[in-house]
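Quick note on labels: first sequence line is chain A, next is B, and so on, each numbered from 1. For clarity, every value in this text was computed on a predicted model and none was experimentally measured.
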2 protein chains.
Amino acid sequence: MPSAKLDPIDRMILAELQADGRMTNVELAKRVGISAPPCLRRVRTLEEAGFIRGYHADVDARALGFEVQVFASVGLVSQAEADLSAFEERCRNWPLVRECHMLNGEVDFILKCVAPDLSTFQTFLTEQLTAAENVASVKTSLVIRDAKDEPGVPFDVLEARMAAEA
Amino acid sequence: MPSAKLDPIDRMILAELQADGRMTNVELAKRVGISAPPCLRRVRTLEEAGFIRGYHADVDARALGFEVQVFASVGLVSQAEADLSAFEERCRNWPLVRECHMLNGEVDFILKCVAPDLSTFQTFLTEQLTAAENVASVKTSLVIRDAKDEPGVPFDVLEARMAAEA
DNA sequence: CGCATTTGCGAAATATTATTGCGCAGCGCG
DNA sequence: CGCGCTGCGCAATAATATTTCGCAAATGCG
């Protein structure tokens, strides 16, 4: 169930919904070239199979007063699984931390953080993050500007790959 | 227009749509405590004012065969604005690069990349990224796992802040 | 204060969309 | 060559979105 295979229409559906998650099913069906009912069935199937995790409005954080975006590289004292998990759990509970990725190499984690202003972030940094148990080192970098910010799947690459296999 | 002020209902709308971008307007109206027509008007206004940039399905990249996620720290030879812009433009044209953030500090950019497999990424790294004009250094880190991946606005922080101001 | 103006709400009507039920066609297999 | 499976599309029904309109509270000013 989790992974039936996807045909070109399924991939088109995913690409369209990634680009515009609020597209009506009628419009979507038109674009992928089938009628509305089977289109909706496919979407439901993709959702249930986990290909689509959810839908989200892309809200402008800056417009809402979150002026500061920071990447933090974190090294831990202990990399035992229990300690890694403990740190991850802490990250999940820090609202200012929006992403927490475990890495290979010298740094153990990279965090993407947001804050209303620098001083709020500094407070978080010194009182929470750096002060957290098992944290050995934290190096932060302020984001000056975003040249590209499009999380998601590059469907053009995917299609090229599928075409190549055929 | 770009920035009328937001009342608590607007912020609730943003929070709800960030959490579920496909919520029906009827359901949304119910949750924020107003009737459907004014609710829809507010949503449209928020969209036009730029608080909502768009809506996107959250597609599972791994399920689609993008097994590899990598952060790349890039240093340039020249940080003249023209050169920075040129690099950013190149990033926008690389499908495997999903995010490109300019940073302060020693590293000039951090890139979030995806790829179907390691060798695809290696090829991109050596033939495209490292080889690109003006690129001085590239350091990559493979993502082992994601503990948290919720880009977006921490509305709980926002509401606390608004409450404090009152 | 008190009246004009503005702003935003909600009921009702209408247009679109989502969703369900069902029959038909293509495909693999015995 | 016929049975069963899969997936499509048509048609009907249920929900939603969207527009229209009138009302009431907040605001500004004489």
Side-chain angles (χ1 to χ4, degrees), chain A residues 1-60 63-65 155 158-159 162-163 165-166, chain B residues 1-60 63-65 155 158-159 162-163 165-166:
Chain A
M1 178 103 30
S3 64
K5 231 178 47 201
L6 301 182
D7 66 15
I9 291 181
D10 289 318
R11 294 196 296 275
M12 273 194 274
I13 288 175
L14 291 173
E16 292 289 346
L17 287 179
Q18 178 173 280
D20 177 5
R22 274 213 108 157
M23 185 179 298
T24 69
N25 182 60
V26 171
E27 173 66 19
L28 179 61
K30 193 179 311 174
R31 293 200 187 190
V32 304
I34 60 180
S35 64
C39 184
L40 185 60
R41 281 192 293 261
R42 279 168 179 264
V43 171
R44 294 284 179 260
T45 301
L46 291 169
E47 289 168 353
E48 281 161 27
F51 289 101
I52 299 177
R53 294 206 203 85
Y55 303 87
H56 304 283
D58 176 12
V59 176
D60 186 336
L64 274 152
F155 279 98
L158 180 60
E159 288 305 320
M162 300 308 285
E165 286 177 11
Chain B
M1 261 115 314
S3 65
K5 232 180 42 204
L6 301 182
D7 66 17
I9 292 182
D10 290 318
R11 294 196 296 273
M12 273 193 273
I13 288 174
L14 291 173
E16 292 290 345
L17 288 180
Q18 177 173 282
D20 177 6
R22 274 211 106 152
M23 186 178 298
T24 68
N25 182 59
V26 171
E27 172 67 18
L28 179 60
K30 193 179 314 176
R31 293 199 188 192
V32 304
I34 60 179
S35 65
C39 184
L40 186 61
R41 280 192 294 262
R42 280 166 179 264
V43 172
R44 295 284 179 260
T45 302
L46 291 169
E47 290 169 354
E48 282 161 27
F51 289 101
I52 298 177
R53 295 206 201 84
Y55 302 86
H56 305 284
D58 176 13
V59 176
D60 186 336
L64 276 161
F155 279 98
L158 180 61
E159 287 306 320
M162 299 308 284
E165 286 178 8

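One atom, CD1 of I13(B), and another, C1' of dC9(C), lie 13 Å apart when rounded to the nearest Å. Whole-Å rounding puts the R42(A) CZ to dT6(D) P distance at 14 Å. To the nearest angstrom, P of dT6(D) lies 16 Å from NZ of K5(A). Atom CG of D7(B) is separated from atom P of dT27(D) by 13 Å (rounded to the nearest Å). Between the CG atom of L40(A) and the C1' atom of dC10(D) there is a distance of 16 Å, rounded to whole Å. Separating the CD1 atom of I9(A) from the P atom of dG7(D) is a distance of 11 Å, rounded to the nearest angstrom. Rounded to whole Å, atom P of dA11(C) lies 12 Å from atom CD1 of I34(B).
Nearest heavy atom pair, residue H56(A) against residue Q18(B), reads ND1-O, 2.6 Å. Considering all non-hydrogen atoms of both residues, D60(B) and G50(A) come closest at CB-O, 3.5 Å. For the residue pair A57(B) and I52(A), the shortest heavy atom distance occurs at CB-CG2, 4.3 Å. Considering every non-hydrogen atom in both V59(B) and L14(A), the closest pair reads CG2-O, 4.1 Å.
Side chain of R31(A) to main chain of I13(A): no donor-acceptor pair is present (N/O by atom type, distance under 3.5 Å, no hydrogens or angles). In this structure, R11(A) contributes its side chain and E159(A) its backbone to no donor-acceptor pair below 3.5 Å. Panel note: side chain D58(A), backbone G54(B); no donor-acceptor pair is recorded below 3.5 Å.
Minimum atom distance to the side chain of P37(A) is reached by dG21(C), of the listed dA11(C), dG21(C), dA17(D). Listed nucleotides dG9(D), dC9(C), dT18(D) differ in distance to P38(B); the shortest reach to its side chain belongs to dC9(C). Checked against dT19(C), dG9(D), dA17(D), the side chain of R22(A) finds its nearest nucleotide in dA17(D). Checked against dG9(D), dT18(D), dG10(C), the side chain of R44(B) finds its nearest nucleotide in dT18(D). Nearest to the side-chain atoms of R41(B) among the listed nucleotides dA17(D), dT20(D), dG9(D) stands dT20(D). Among the nucleotides dA17(D), dG10(C), dC8(D), the one closest to the side chain of S35(B) is dG10(C).
Residues from residues 23-30 of chain B that place a heavy atom under 4.0 Å from any atom of DNA chain D, listed by number: T24(B), N25(B), V26(B).
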